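Input: a single structure, listed below in structure tokens.
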Amino acid sequence: MSPKNYFTSFLVLASSLLLIPGCRESRQAPDNLKVPRLMVETRGVQYGALTGDQVRLPVSGSSIQLQKDPLVNEFQIFNVELVKVELGMALLIQTSETGARELYRGTVTNMGGRIVLTVNGNAIGARRIDGAIQDGNFYTFVEVPEDELGELVMDLRDSIVYLQQNKP
């Protein structure tokens, strides 16, 4: 290979390596970033246990004391869907494999308690745990006006994509 061809090959390789980081640039955060988490209610006396915030659902006014750490965090949620069930419109929150394991463990150990869906730290829905959730699919009704549900789901989806691409 002549020195000229070697130099040209080097420049092509170097320029392609410079372009690679540009391909992985993080997306800009959505305007309405919504961070979803599934939190578990703290029940009874737990000496020495760290409790989290007390939240209030916006419509029913139910006040719920939460455990400090999320049961399923925003990086373990990979999709949110709006689904029609017998009693109306609900959110289906689909979790990753890790999130599904945490959801299963949490529903077994906290039977009878509630799982609270929070978005940006604000409670928007709660569901009583009546059985173990084995498939990683969490259904819940939310206290959001029905005409705002579609926009909420779209914002949550955009936020999930952004969060997945920008994991720490």
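If you're wondering where the values come from, they're calculated on a predicted model, not measured in any experiment.
Taking all atoms of both residues into account, the shortest heavy-atom contact from F78 to S96 is CD2-N, 3.5 Å. Nearest heavy atoms, G106 versus L71: CA-CD1, 3.7 Å. Pairing each heavy atom of L33 with each of N120, the nearest pair is O-ND2, 3.1 Å. Here the closest non-hydrogen pair linking G136 and A100 is CA-CB, 3.7 Å. Pairing each heavy atom of A123 with each of P58, the nearest pair is O-CD, 3.3 Å. Contact between Y139 and L92 at its shortest, heavy atoms only, is CZ-CD1, 3.6 Å.
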task = Apply side-chain contact (heavy atoms from CB on, under 4.5 Å) to R114 and I129, showing your working.
result = CA-CA 6 Å; R114 291 177 283 189; I129 303 170; 5.9 Å; no
key: From CA spacing to verdict: side-chain contact (heavy atoms from CB on, under 4.5 Å), L82, L91   = CA-CA 5 Å; L82 184 60; L91 290 186; 4.1 Å; yes
request  = Give the C-alpha distance, both sets of side-chain angles, the deciding distance and a yes or no for side-chain contact (heavy atoms from CB on, under 4.5 Å) between L117 and V142.
outcome  = CA-CA 8 Å; L117 170 62; V142 291; 3.9 Å; yes
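A donor-acceptor pair is defined here as one N or O able to donate and one able to accept, closer than 3.5 Å; no such pair exists between the side chain of E41 and the backbone of V116. At least one donor-acceptor pair under 3.5 Å links the side chain of E143 to the backbone N or O of V59. A donor-acceptor contact shorter than 3.5 Å links the side chain of T42 to the backbone of Q67.
Side-chain contact of S62 with S60: a donor-acceptor pair under 3.5 Å is present, judged by distance alone.
Interatomic distance, K34 NZ to D158 CG, rounded to the nearest 0.5 Å: 10.5 Å. Summarising the geometry, atom CZ belonging to F141 is positioned 11.0 Å from atom CG belonging to L149; distances are rounded to the nearest 0.5 Å. In this structure, I115 CD1 and R128 CZ are separated by 11.5 Å, a value rounded to the nearest 0.5 Å. Note that OG1 of T118 is 7.5 Å distant from CG of L66, once rounded to the nearest 0.5 Å. In this structure, CD1 in I133 is found 10.0 Å from CD1 in I93, a value given to the nearest 0.5 Å. If you take CG on L38 and CD on E102, they are separated by 11.5 Å, rounding to the nearest 0.5 Å.
In the hydrophobic cluster analysis, where Ile, Leu, Val, Met, Phe, Trp and Tyr join through side-chain heavy atoms closer than 4.5 angstrom, I77 is grouped apart from L163. Taking hydrophobic clusters as Ile, Leu, Val, Met, Phe, Trp and Tyr residues chained together by side-chain heavy-atom distances below 4.5 Å, V72 shares a cluster with L152. The cluster map of Ile, Leu, Val, Met, Phe, Trp and Tyr, joined by side-chain heavy atoms under 4.5 Å apart, puts L57 and I124 in different clusters. L156 and M89 fall within the same hydrophobic cluster, defined by Ile, Leu, Val, Met, Phe, Trp and Tyr side-chain heavy atoms under 4.5 Å apart, directly or through other members. Under the 4.5 Å side-chain heavy-atom criterion for grouping Ile, Leu, Val, Met, Phe, Trp and Tyr, M154 is not connected to V80 through any hydrophobic cluster.
With contacts defined as side-chain heavy-atom distances shorter than 4.5 Å, the pair F138/L103 qualifies. Annotation: side chain of R101 is in contact with side chain of T98 (closest heavy-atom distance under 4.5 Å).
Not counting sequence neighbours, the partners of E148 by the side chain to side chain contact (heavy atoms under 4.5 Å, CB included) test are V144, P145.
Annotation: side-chain hydrogen bond (donor to acceptor under 3.5 Å, both in side chains) contacts involving residues 70-86, sequence neighbours excluded, comprise R37-E74, N79-E81, N79-Q94, E81-R157.
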